[in-house]
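Data block below; observations after.
Just so you know, these numbers use all the heavy atoms, side chains as well, and skip hydrogens, waters and symmetry mates. Residue numbers start at 1 and run along the sequence shown.
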Amino acid sequence: MSSTDARPHSILRAWLGVAAITASLFTFLTTELMPVGLLTPLGTSLDVPVGVAALMVTLYGVSAGLGVTFIVAWTRRVDRRVLLSTLLAVLTLGNLVTAIAPSFPLVLTTRLVMGFASGVFWAIGVSMAMRLVPERHASRASAIVMSGISIATVVGIPLGTLLEDLTSWRTTFLIWSGLSLLVFAAVAAAVPSLPSANAVSVREVFGLPLRNAPLRTVLFIVVLFVLGHFGAYTFVRPFLEDHTSAAPLFITAVLIVFGIGGAAGNFIAGHTVNKSLRGSFVTGSIGLVASLLLLLAFGDGKAGAVVALVLWGLSFGVVQLSQVNMTLAAAPETFEAAMSLNTMAYNTSIALGALFGGQLADNLGVTSVVWFGVALTAGALLLALGTGRRPSRAVPHDASAAAAPALKD
């Protein structure tokens, strides 16, 4: 039983803690995505080509993926509230240094360090939220936290661009440093002490997939669906420009609709994963494949593109939350360690998806990238269908909380 079951007077604080963790996700992800809309002025200001400036995003993602398993293992005995607060302090300082940095190498180094902090957050954030609330609300808490992905995806790039237009790219990062500080204060005030629930060494972390066949399968599924989804999604704009002659305003609107669909998918999955976890993932994967096929079939018209992107966003929201719960179901007693492997696989696959997609787009055209997405997401679907019905339900929250020390104020 989670501690909030035993201490009902703290339920309000528990949900405020979930809100603070959701705000943390929003801040981390928008920090990662925001430079995409600032590359031109940033490159001009620091006297580097736009392609080189894009390394701010690339290295952030690489460090988030490759460093997470080691850092989570090395901090396995650190209270999770203290660890999250430290990560937010790194984010606050990193955005501040970026805002005042006199040279691009300093900016790049700072972003590399911030990426490590971001990766650790992805490994611990969802499990923290699930531990805060009564077990019957654990899936809802994870859905709320994961909805921050959709919000950040919609808001991150446009908001960064808008702030830069009104001020400058340096002021934009300065503002984001202030936001990071506010979220730091929210976490300190709302999240109770959360002693580490499952201490796992680096060797044990990397040994988990060897010993745990269900987890190994989940990681393969994650790699396939992330490669397919992000490989195609990275090239949505050029696809729409080529097929519908879409203006930037239409593309922005469609991406906002995609993000809203993702938030709705998270909300729906928050209720369905407890009834049928495998069914939720399979249904979402079918939606992903169908949406990409719709885009190929009807993407020449704006109405068809909108319908495809709505279904795509909705399906992605369902799959995204389902895969987190699948990781929990496969390794309930070592969830943080398993999520660190999930994060490594996820972020590495994002980078590889963009790389492979870029090669296809340059050599065969952007339509081939969408077919790449169809093939890989279909592969994830077939693997999920071919691995039987276990686990078919989300693991009860107390499975992971049973071994956790009681929360302390």
Side-chain angles (χ1 to χ4, degrees), residues 24-68 86-122 152-184 230 233-238 241 248 251-252 255 347-348 350-355 357-359 361-362:
S24 301
L25 185 149
F26 172 83
T27 308
F28 274 107
L29 190 54
T30 48
T31 295
E32 179 175 0
L33 296 177
M34 197 167 51
V36 173
L38 308 178
L39 293 181
T40 300
L42 193 147
T44 301
S45 174
L46 295 176
D47 195 27
V48 295
V50 171
V52 176
L55 289 173
M56 289 179 62
V57 180
T58 303
L59 288 186
Y60 191 103
V62 169
S63 61
L66 297 183
V68 57
T86 302
L87 301 177
L88 287 165
V90 170
L91 199 67
T92 301
L93 183 60
N95 279 317
L96 177 61
V97 171
T98 302
I100 63 176
S103 66
F104 184 68
L106 179 56
V107 169
L108 209 57
T109 302
T110 303
R111 293 282 297 181
L112 188 67
V113 174
M114 294 165 71
F116 288 122
S118 180
V120 176
F121 169 78
W122 284 106
T153 302
V154 173
V155 174
I157 296 175
L159 182 57
T161 304
L162 176 63
L163 290 173
E164 193 278 329
D165 286 341
L166 295 174
T167 57
S168 69
W169 71 267
R170 292 187 183 276
T171 303
T172 301
F173 280 104
L174 190 62
I175 292 171
W176 233 245
S177 178
L179 176 63
S180 304
L181 183 61
L182 288 176
V183 176
F184 171 90
F230 282 99
Y233 184 71
T234 301
F235 297 90
V236 163
R237 177 167 183 162
E241 288 172 339
I251 293 171
T252 299
L255 293 180
N347 282 277
T348 304
I350 289 176
L352 290 176
L355 176 64
Q359 293 298 314
D362 289 343

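Put simply, the side chain of Trp176 reaches to within 4.5 Å of the side chain of Leu163, judged on heavy atoms. With contacts defined as side-chain heavy-atom distances shorter than 4.5 Å, the pair Thr27/Phe121 does not qualify. Val90 is not listed as a side-chain neighbour of Phe116, based on a closest heavy-atom distance of 4.5 Å or more. A heavy-atom distance below 4.5 Å is not found between the side chains of Phe184 and Leu91. Within the 4.5 Å cutoff, side-chain heavy atoms of Leu174 are placed close to those of Leu96. Proximity of Val107 to Phe173: side-chain heavy atoms (C-beta onward) are nowhere separated by under 4.5 Å.
No side-chain donor-acceptor contact under 3.5 Å links Arg111 to the backbone of Gly94. Looking at Ser63, its side chain does come within 3.5 Å of a backbone N or O of Leu112 through a donor-acceptor pair.
Summarising the geometry of Thr167 relative to Thr171, their closest heavy-atom pair is OG1-CB, 3.5 Å, with the distance given to 0.1 Å. Among all heavy-atom pairs drawn from Arg170 and Ile100, the shortest one is NH1-C, 3.5 Å. Nearest approach of Leu106 to Ala101, heavy atoms of both residues: CD2-CB, 3.9 Å.
Here Trp122 contributes atom CH2 and Leu29 contributes atom CG; the two are 5.0 Å apart, rounded to the nearest 0.5 Å. Atom-to-atom distance recorded for Asp47:CG and Leu42:CG is 11.5 Å, nearest 0.5 angstrom. In this structure, CG in Asn95 is found 10.5 Å from OG1 in Thr172, a value given to the nearest 0.5 Å. Residue Leu88 holds its CG atom at 10.0 Å from CG of Leu179, rounded to the nearest 0.5 Å.
Looking at Thr110, Val113, Leu108, Thr31 one by one, the single match for side chain to side chain contact (heavy atoms under 4.5 Å, CB included) with Tyr60 turns out to be Thr31.
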